[in-house]
Amino acid sequence: MNEKSCLVTGAASGIGKATALLLARSGARVTAADIDGPGVGRLRTELAAEGIGVIVVTGDVADPRANRAMVEAAVEAYGRLDVAVANAGALPLSDVNETSPEDWDHVMAVDGRGAF
């Protein structure tokens with residue numbers, strides 16, 4: 001992954017954070033994106049302590065404009081985008097009887113359209 005430009009969504013925690021850390025430590029040029037701005041800020045701080053720089057973008061993948069801004073940030077910083085890890089996801093932890101149509105719409109916007 002040396003010098004590959006990689007965008008990782010959902011990079012503030014969990015699998016997304018682990019992926020961003022692994023890619024950055026493997027020499028990739030990482031753009032870390034998440035709706036959790038402080039979370040991706042902590043990721044940047046963690047990697048900076050190791051002498052590794054990353055680009056951080058705060059945005060919601062359910063918003064097409066935010067998705068475009070994530071890609072544009074990677075291209076602007078690194079001249080191209082080689083890899084996109086569409087990791088961001090939403091999963092309401094409720095019983096199906098308690099799930100509203102709005103909950104369903106949110107999951108589809110993040111997990112479906114966000115990956116698109």
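In this text the structure is predicted, and so the values were computed from the model without any measurement.
The two residues Cys6 and Ala28 have their closest heavy-atom pair at SG-CB, 3.8 Å. Taking both residues in full, the closest heavy atoms of Ala88 and Val61 are given as CB-CG2, 3.8 Å, listed atom of the first, atom of the second, then distance. In this structure, Val30 and Ala20 approach most closely via the heavy-atom pair CG2-O, 4.0 Å.
Between Thr31 and Val57, some side-chain heavy-atom pair lies under the 4.5 Å cut-off. Between Ile55 and Glu76, every side-chain heavy-atom pair lies at or beyond the 4.5 Å cut-off. No side-chain heavy atom of Leu23 sits under 4.5 Å from any side-chain heavy atom of Lys4. Two residues are said to be in side-chain contact when any heavy atoms from C-beta on lie closer than 4.5 Å; Leu81 and Met70 fail this criterion.
Residues passing the side-chain hydrogen bond (donor to acceptor under 3.5 Å, both in side chains) test with Thr45, sequence neighbours excluded: none.
Linking Ile, Leu, Val, Met, Phe, Trp and Tyr whenever their side-chain heavy atoms come within less than 4.5 Å leaves Val83 and Tyr78 in two separate clusters. A continuous path of Ile, Leu, Val, Met, Phe, Trp and Tyr side chains, each step under 4.5 Å between heavy atoms, connects Val85 with Val54, placing both in one hydrophobic cluster. In terms of hydrophobic clustering, with Ile, Leu, Val, Met, Phe, Trp and Tyr side chains grouped at heavy-atom distances under 4.5 Å, Val75 and Leu7 are assigned to a common cluster.
Formation of a donor-acceptor pair under 3.5 Å by the Asn87 side chain with backbone atoms of Gly10 is found in this model. In terms of modelled atom types and a separation under 3.5 Å, the side chain of Asp34 and the main chain of Ala11 share a donor-acceptor contact.
In this structure, Ser5 OG and Asp82 CG are separated by 5.5 Å, a value rounded to the nearest 0.5 Å. The CG atom of Leu43 lies 10.0 Å from the CD1 atom of Ile52; values are rounded to the nearest 0.5 Å. Atom CD of Glu46 is separated from atom CG of Leu21 by 5.0 Å, given to the nearest 0.5 angstrom. Here CG of Asn2 is found 8.5 Å from CZ of Arg29. Values are rounded to the nearest 0.5 Å.
More than 12 heavy-atom neighbours from other residues, nucleotides or ligands sit within 6.0 angstrom of CZ on Arg80. Within a 6.0 Å sphere centred on CZ of Arg25, heavy atoms belonging to other residues, nucleotides or ligands number more than 12.
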